[in-house]
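Below is one structure, written out as structure tokens, with a few remarks after it.
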Amino acid sequence: MSDAAYRIEPMDAAASRSTPPTADFVAAPVMPDILPPAKIRRGVARFIYRYPNMAVGGALLFIMLCAAIFAPWLGTVDPTEIATSRRTRFPSATNWLGTDMLGRDIYSRVLYGARVSLIVGFSVAVLASIAGLTIGLVSGMVRRADGVIMRVMDGMMSIPPILLAIALMALTRGSVQNVVIAITIAEIPRVARLVRGVVLSLREQPYVDAAIASGTTTPMIILRHILPNTLAPMSVQATYICASAMIVEAILSFIGAGIPPITPSWGNIMAEGRSLWQVKIYIVLFPAAFLSVTVLAVNLLGDGLRDALDPRMAKRL
Amino acid sequence: MPIFIFKRILSTIPVMAIVALFVFSLLYIAPGDPAAVIAGDQASPADVERIRQNLGLDRPFLIRFGEWVWQIVHGDLGISIFTSLPVRDLIAQRVEPTLSLMVVTLLFAISVAVPMGVIAAWKAGTWIDNSIMAFAVLGFSVPVFIVGYLLAYLFALQLDWLPVQGYTPFREGFWPWFENLILPAITLGFVYIALIARITRATMLDVLQQDYVRTARSKGVAQSSILFVHALKNAAIPIVTVIGIGLALLIGGAVVTESVFAIPGLGRLTVDAILRRDYPVIQGVVLLFSFVYVFVNLAIDLIYTLIDPRIRY
């Protein structure tokens, strides 16, 4: 709904401007056609009111993003600096979140770790979306390729994503790049399936028939009519993929198949804290809390996006 | 056997073929030359070549794939590089803990999540609904090992109610077995509960709008009976579907949960195999889990026809 619908002048303002009543004409009370909502919200307040999920998720994610980008200026020290004299210290004024068993500052490691998680999450979301979109489009538009492609996707989807990523990581050495590739491959079938479904239903739309009848070329139909309509459901899916990629990255690093310990990531900080968890649980808990909050933020953003893009679904799931 | 059941069973064959091809390629492109490993450091290039020929490693991809499938069909999953034991035996030793964990989790999650979803749909829009849905969002966001450590820290270390880690085989009694599985099952069930509760609520909201629910209500059927008999029965299909699909989450989560709670199951086997680059073991576990996943979902599709006689394939 546009802003205009709510721009109804307050009653008293309208009344004061109207001409004073004459003897033979009594002004009827000013009744607006549409009753204004209890409170008229504009700008940011309105956005927060309408999409609380997206607002909260976006704000949390923004904070996390800033923390990751500005990590060097947020009171951190070198996250890889080993200080054997300060091992496994509890949180204190010098080491805000304590130190790990090599004396490294957990606060610094967690902030730098945010970079890895966010990079992995975003890269996987973008790459899996692009690849899934391409495969889904081809599958949805080219009938002959559809059967084969979808069987391959079904096969890939039959391997639980974490196991698939684990199996792929077993082939290469651990690095951010390889983790991104492994998780992307595991996530592609889901996007491809979604896009194919949307494309198949769009193909039956009257406006696509009309475009075909008026002689629009197939690439143009895809570009103009099909592609734009796949973007909404796909962007929602992309946020969920981002969230799940961050969790899978943490799991991979946690079991030792992900990012090597030299680059701090939330998963490998926890992996290193694992042996000490019974006495120094904070080593595990701080990265865990950061990871949970970030994933929660992305999920909220996704829920909000879904509600905004498909209001019919808003109150259901 | 009705023809549709037959067709549905046939449709799993291409899917499993793709899985097999994928898993085989994994070993095929894996770094390291098995012939060189077997030959040892002292071997000359000619020795390595002879071993390669003896093992049939020099033959084309498709022929090797065919033989590998033939072996698998006969229950031979190869030999572990690290332990030199048959992968089949390694897996067989580890099946019980994982199976126990999954079954307990499944029962626990379903018995908690379905009522949660039903109540959320019944009380839609109230604080009860909102808090259940908030829990569901949280369930999706908190990674499984975090729940694990928190629960273990709280209930095992601080309160000392339950054992911290480990696994007791079932033959040593029900309670010792069950006691060790409580925390892991809650941990692993967390995401699963969120997933099932969400879908249950969504489907129930739809079903509760139906005319026959209004009819039932107007003729005075008890609320609980409307919810759990009239409505839930008709909402069963999507719920059962999600339970099947969610099994993938459960399998992935088991790998981590077993690491947290030191359960010597298939997940631990996988993790150890990765750290040692023991490809035949990784291959075997991935293959096994994928087949289980495919078969469970096949079984669920067949169960549909029991739940809802209208469904035919």
Side-chain angles (χ1 to χ4, degrees), chain A residues 53 147-148 151-173 240 243-244 246-248 250-252 254-257 266-267 270-271 273-274 277-279 281 284-285 287-289 291-300 302-303 313 315-317, chain B residues 12 14-23 26 29-31 124-125 133 137-138 140-146 149-150 152-153 157 164 198-199 201-202 205-206 247-253 255-256 259-260 267 270-271 273-275 277-279 282-283 285-287 289-291 293-294 297:
Chain A
N53 283 346
V148 177
R151 287 300 81 73
V152 174
M153 293 295 132
D154 284 349
M156 282 174 73
M157 278 176 85
S158 310
I159 307 174
I162 292 176
L163 276 189
L164 184 53
I166 286 176
L168 290 171
M169 284 312 294
L171 292 179
T172 51
R173 61 195 172 76
Y240 294 140
S244 119
M246 291 197 276
I247 291 183
V248 176
I251 288 177
L252 287 176
F254 179 74
I255 61 175
W266 292 334
M270 286 185 267
R274 223 167 111 187
W277 77 271
Q278 299 198 6
V279 276
I281 190 152
V284 175
L285 281 195
L291 175 62
S292 307
V293 169
T294 311
V295 175
L296 180 70
V298 177
N299 274 334
L300 285 176
D303 285 353
M313 288 290 288
K315 285 292 154 205
R316 295 189 52 235
L317 272 172
Chain B
T12 58
V15 170
M16 291 200 299
I18 300 283
V19 173
L21 189 65
F22 197 86
V23 173
L26 192 70
I29 59 175
M133 284 303 103
V137 174
L138 212 63
F140 278 118
S141 306
V142 182
V144 61
F145 41 109
I146 294 167
Y149 279 122
L150 280 177
Y153 191 73
L157 283 185
V164 181
R198 244 175 130 148
I199 199 79
R201 175 179 177 273
L205 278 182
D206 261 358
L247 199 68
L249 278 178
L250 213 57
I251 291 170
V255 176
V256 185
S259 293
V260 172
T270 318
V271 173
I274 287 182
L275 299 180
R277 310 261 141 164
D278 199 339
Y279 297 106
I282 298 175
Q283 220 177 21
V285 176
V286 172
L287 207 59
F289 274 135
S290 306
F291 281 7
Y293 183 60
V294 170
N297 281 294

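The structure presented is a predicted model; accordingly, all values stated were derived computationally and were not measured. Proteins get letters first, then strands, A, B, ... in listed order; numbering begins at 1 in each.
Neither the backbone nor the side chain of A:P287 comes within contact range of chain B; no heavy atom of the residue lies under 4.5 Å from a heavy atom of that chain. Both the backbone and the side chain of A:V152 come within contact range of chain B, with heavy atoms under 4.5 Å apart. Heavy atoms of A:M157 lying under 4.5 Å from chain B belong exclusively to its backbone. Contact of B:F140 with chain A is made through backbone and side chain together, with heavy-atom distances under 4.5 Å. For A:A243, no part sits under 4.5 Å from any heavy atom of chain B, backbone or side chain. Contacts between A:N299 and chain B at a heavy-atom distance below 4.5 Å involve the side chain alone, from C-beta outward. Heavy atoms of B:A17 lying under 4.5 Å from chain A are absent altogether. Neither the backbone nor the side chain of A:M153 comes within contact range of chain B; no heavy atoms are under 4.5 Å apart.
Within the 4.5 Å cutoff, no side-chain heavy atoms of B:L150 are placed close to those of B:V142. No side-chain heavy atom of B:T270 sits less than 4.5 Å from a side-chain heavy atom of B:V286.
When each of A:A288, A:A257, A:P161 is scored by its heavy-atom pairs under 4.5 Å with chain B, the top score falls to A:A288. Counting heavy-atom pairs closer than 4.5 Å to chain A, the top-ranked of the candidates B:P143, B:A20, B:A273, B:G253 is B:P143.
Under a 3.5 Å cut-off, the side chain of B:Y279 and the backbone N or O of A:A170 do form a donor-acceptor pair.
A parallel orientation is assigned to the rings of A:F254 and B:F145, their planes being inclined by less than 30° (bins at 30° and 60°).
In plain terms, the two heavy atoms of B:S141 and A:L296 that are nearest each other are OG-CA, 3.3 Å.
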Candidate pair B:Y153 and A:V284, rule side chain to side chain contact (heavy atoms under 4.5 Å, CB included), full reasoning: CA-CA 11 Å; B:Y153 191 73; A:V284 175; over 6 Å; no
Pair A:M270-B:Y149, side chain to side chain contact (heavy atoms under 4.5 Å, CB included): steps then yes or no: CA-CA 10 Å; A:M270 286 185 267; B:Y149 279 122; 6.0 Å; no
